[in-house]
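Quick note: residue numbers are just sequence positions, from 1. Worth saying up front: this structure is predicted, and the values here are computed from it rather than measured.
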Amino acid sequence: MGIAVRTHHAPMHDDAASDAPRQAFDAFGNPVEVTFPPDLHDTHHLRLKALLLSVWVVSSFGTCYFARDIQALMPDWPVAYWMAAQGAVLMFLLIIVVYCVAMDYFERQQARDEARKRAAAHQASLAASDPHA
């Protein structure tokens, strides 16, 4: 006597190309509203992330690597120690603030563009349905 084994295979699909509405759930399984579109990471956002990451690398590792040279510029003040101890934290906080402001700008710009597209589509539908035009 044979034993039948059933396996479930998920359908193959491309999430990025799917036009189905996105549904998100919180920790308790309740549906929540998705506020950001899934294609938020366009070239502007990736360039911003790359720029801020390079600023972080230069400020963190560059300060430690060039500590003696930086100290030679200001021999009376421990600038290399200050940059390694407190300056790195302040630079990280500055990077976070710049990222938040830039992302807010990008999101507002995207919302304006979508509103303009909707308004243009609405005007086109009104013009098409106007019998006196």
Partners meeting side-chain contact (heavy atoms from CB on, under 4.5 Å) with [X] (sequence neighbours left out):
{"X": "Arg118", "value": "Glu114, Ala115"}
{"X": "Leu90", "value": "Trp82"}
{"X": "Asp76", "value": "none"}
{"X": "Val55", "value": "Met91, Ile95"}

Item to check | Those residues that, when tested against Arg112, pass salt bridge (charged side-chain N to carboxylate O under 4.0 Å, His left out) (two or more places apart) | outcome: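 So Arg112 forms no salt bridge (charged side-chain N to carboxylate O under 4.0 Å, His left out) with any residue.
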
Next on the checklist: Can you list everything that forms a salt bridge (charged side-chain N to carboxylate O under 4.0 Å, His left out) with Asp69? Sequence neighbours excluded, please.
Outcome noted: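 Result, salt bridge (charged side-chain N to carboxylate O under 4.0 Å, His left out) vs Asp69: none returned.
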
Item to check | Ion pair Asp113/Lys117, N-O distance below 4.0 Å | outcome: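 Answer for the salt bridge query: no.
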
Item to check | Between CZ on residue Arg116 and CD on residue Gln123, distance to nearest 0.5 Å | outcome: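 Rounded to the nearest 0.5 Å, the CZ-CD separation comes out at 14.5 Å.
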
Next on the checklist: Checking Phe61 now: which residues fulfil ring-ring contact (aromatic ring centres under 6.0 Å, His included) with it, not counting sequence neighbours?
Outcome noted: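 Applying ring-ring contact (aromatic ring centres under 6.0 Å, His included) to Phe61 gives Trp56.
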
Kindly work out whether a path of hydrophobic side-chain contacts (I/L/V/M/F/W/Y, heavy atoms less than 4.5 Å apart) joins [X] to [Y].
{"X": "Leu51", "Y": "Leu94", "value": "no"}
{"X": "Val101", "Y": "Ile96", "value": "no"}
{"X": "Val58", "Y": "Val89", "value": "no"}
{"X": "Phe92", "Y": "Val97", "value": "no"}

Checklist entry - ring-ring contact (aromatic ring centres under 6.0 Å, His included): which pairs involve residues 101-121, sequence neighbours left out? => result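 Checked against ring-ring contact (aromatic ring centres under 6.0 Å, His included) - neighbours excluded - the pairs reaching residues 101-121 are His44-Phe106, His45-Phe106.
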
Item to check | Closest heavy-atom pair and its distance - Lys49, Tyr99 | outcome: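 Between these two residues, the closest heavy atoms are CE-OH, 3.5 Å.
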
